[in-house]
Trainee: 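I am attaching a structure below and will ask some questions about it afterwards.
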2 protein chains.
Amino acid sequence: MEKVGQPDPSGEDERLSRLFRALSDATRRSLLSRLTLGPAKVTDLARPFRMSLPAVSKHLKILEDAGLVSRAVRGRVHRLSLSGEPLRQVEIWLDPFRSYWEATFAGLRRDLSAHPPRAERRRPRGRRLDSGRNGD
Amino acid sequence: MEKVGQPDPSGEDERLSRLFRALSDATRRSLLSRLTLGPAKVTDLARPFRMSLPAVSKHLKILEDAGLVSRAVRGRVHRLSLSGEPLRQVEIWLDPFRSYWEATFAGLRRDLSAHPPRAERRRPRGRRLDSGRNGD
DNA sequence: AATATACTTAACCGTTTGGTTTACTATTCA
DNA sequence: TGAATAGTAAACCAAACGGTTAAGTATATT
């Protein structure tokens, strides 16, 4: 289990917490989905949303702070691109639980139960790079 | 701040948001880890933490609301157990991004075919391709 | 019946979050 | 140079968070 005695600020827990918190907003998840299609500038990312530009700007900063997007400033244009690596961290955190939910639904999900618990999982073929959620 | 197109309260996005939010706290993640060892009652779950019992109780409620733990009340004892299923939802959400972080490292040649890039197009300096609508 | 145990609920409090509007800075265009 | 464009920063606000203590509700125990 984790450390429960000390706060341990800015440690591993903190990073994971920031990551999950960044993912806990539908707008932010939508932005990430959009970015799987390729890098984009802030105004383009903001266009589909009803909210103001500063609001989207803040969301992007949160994603950036979580390490999920990186920013390349060229002139006045900020080009955001997806950094998938932190999501790998999520995957890693998730791993010990995988056998748990697979046990719960053993045999019901062919594509998931096909993989041995805790093993390096193969990516199911034919998955599309789109969450299907939100305004995409 | 949910929707982009339609107001979809209490929908799929909302469920995912609650899930990620539940995971965004180190105490809650620690509780989940503890529960992989088997069901436990509230007092046992609370013991390792410095915080008060009601605080832990609230955390457990949040996990329960996210569907991550289920509760079986027997007498005055609440027996909490892990429900891995929502974590499978996280996995499913994560899946479209998997090729992305895999491509970040080596072996990207094969995985790049999964990407629809070419938004990468860099326009020559001094030339105005932007017709005023959408730079990409 | 009285008391202890296992919890939740309620009320409260400071901080964070997600949004707004109004500046402000920096770059590009005419 | 002046104006438009791309974006952040600041100030503000209501609501949600995460914690506290105190009170309340059931169930066991003696």
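Atom set for the values below is all heavy atoms of this structure, side chains included, hydrogens, waters and symmetry mates excluded. A, B, ... follow the sequence lines: proteins, then strands. Residue 1 opens every chain.
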Trainee: Scan B:Lys41 against the nucleic acid and name what it touches under 4.0 Å (heavy atoms): base, sugar-phosphate only, or nothing.
Mentor: sugar-phosphate

Trainee: For A:Arg21, enumerate each residue passing the side chain to side chain contact (heavy atoms under 4.5 Å, CB included) test, keeping only those at least two apart in sequence or located in another chain.
Mentor: A:Ser24, B:Arg21, B:Ser24

Trainee: Reckon B:Arg28 touches a base, only the sugar-phosphate, or nothing at all at heavy-atom distances under 4.0 Å?
Mentor: sugar-phosphate

Trainee: Name all pairs fulfilling the salt bridge (Lys or Arg N to Asp or Glu O under 4.0 Å) condition that reach into residues 61-75 of chain B, sequence neighbours left out, sorted by first residue then second.
Mentor: B:Lys61-B:Asp65, B:Glu64-B:Arg71

Trainee: Please tabulate the protein-to-nucleotide N/O contacts below 3.5 Å involving nucleotides 28-30 of chain D, giving atom names and distances.
Mentor:
| unit_1 | atom_1 | unit_2 | atom_2 | d |
| --- | --- | --- | --- | --- |
| D:dA28 | O4' | B:Arg76 | NH2 | 3.4 |

Trainee: Grab the CD-C1' distance between A:Glu14 and C:dT16 for me, whole Å please.
Mentor: 12 Å

Trainee: What is the distance, to the nearest angstrom, from the NE2 atom on A:His59 to the C1' atom on C:dT20?
Mentor: 12 Å

Trainee: Could you state the atom-to-atom distance from CD1 of A:Ile62 to C1' of C:dT17 in whole Å?
Mentor: 7 Å

Trainee: In this structure, how many angstroms lie between the C1' atom of D:dA26 and the CZ atom of B:Arg79, rounded?
Mentor: 19 Å

Trainee: Could you tell me the separation between the NE2 atom of B:His78 and the C1' atom of D:dA26, rounded to a whole number of Å?
Mentor: 9 Å

Trainee: Just grab all the ring-ring contact (aromatic ring centres under 6.0 Å, His included) pairs involving residues 19-42 of chain B, residues at least two apart or on different chains.
Mentor: B:Phe20-B:Trp93

Trainee: In whole angstroms, how far is the P atom of C:dG18 from the NZ atom of A:Lys61?
Mentor: 13 Å

Trainee: Taking the side chain as every heavy atom from C-beta outward, state whether B:Leu68 and B:Leu35 have any atom pair closer than 4.5 Å.
Mentor: no

Trainee: By nearest nucleotide on DNA chain D, pick out whichever of A:Arg21 and A:Leu60 is the more 5' one.
Mentor: A:Leu60

Trainee: Salt-bridge test for B:Arg88 and B:Glu91: reply yes if a basic N is under 4.0 Å from a carboxylate O, no otherwise.
Mentor: no

Trainee: When you measure from the side chain of A:Pro54, which nucleotide among C:dT8, D:dA9, C:dT9 comes out closest?
Mentor: D:dA9

Trainee: Nearest whole Å is fine: how far is D:dA16 P from B:Phe20 CZ?
Mentor: 21 Å

Trainee: Got a sec, which residues hit side chain to side chain donor-acceptor pair (under 3.5 Å) with B:Gln89, two or more places apart in sequence or on another chain?
Mentor: none

Trainee: Please give, in whole Å, the distance from D:dA6 P to A:Arg71 CZ?
Mentor: 15 Å

Trainee: Holding to side chain to side chain contact (heavy atoms under 4.5 Å, CB included), I want the full list of residues that pass it with A:Ser57, two or more places apart in sequence or in another chain.
Mentor: none

Trainee: Return the nearest nucleotide to the side chain of A:Ser52; candidates are D:dG18, D:dT8, C:dT21.
Mentor: C:dT21

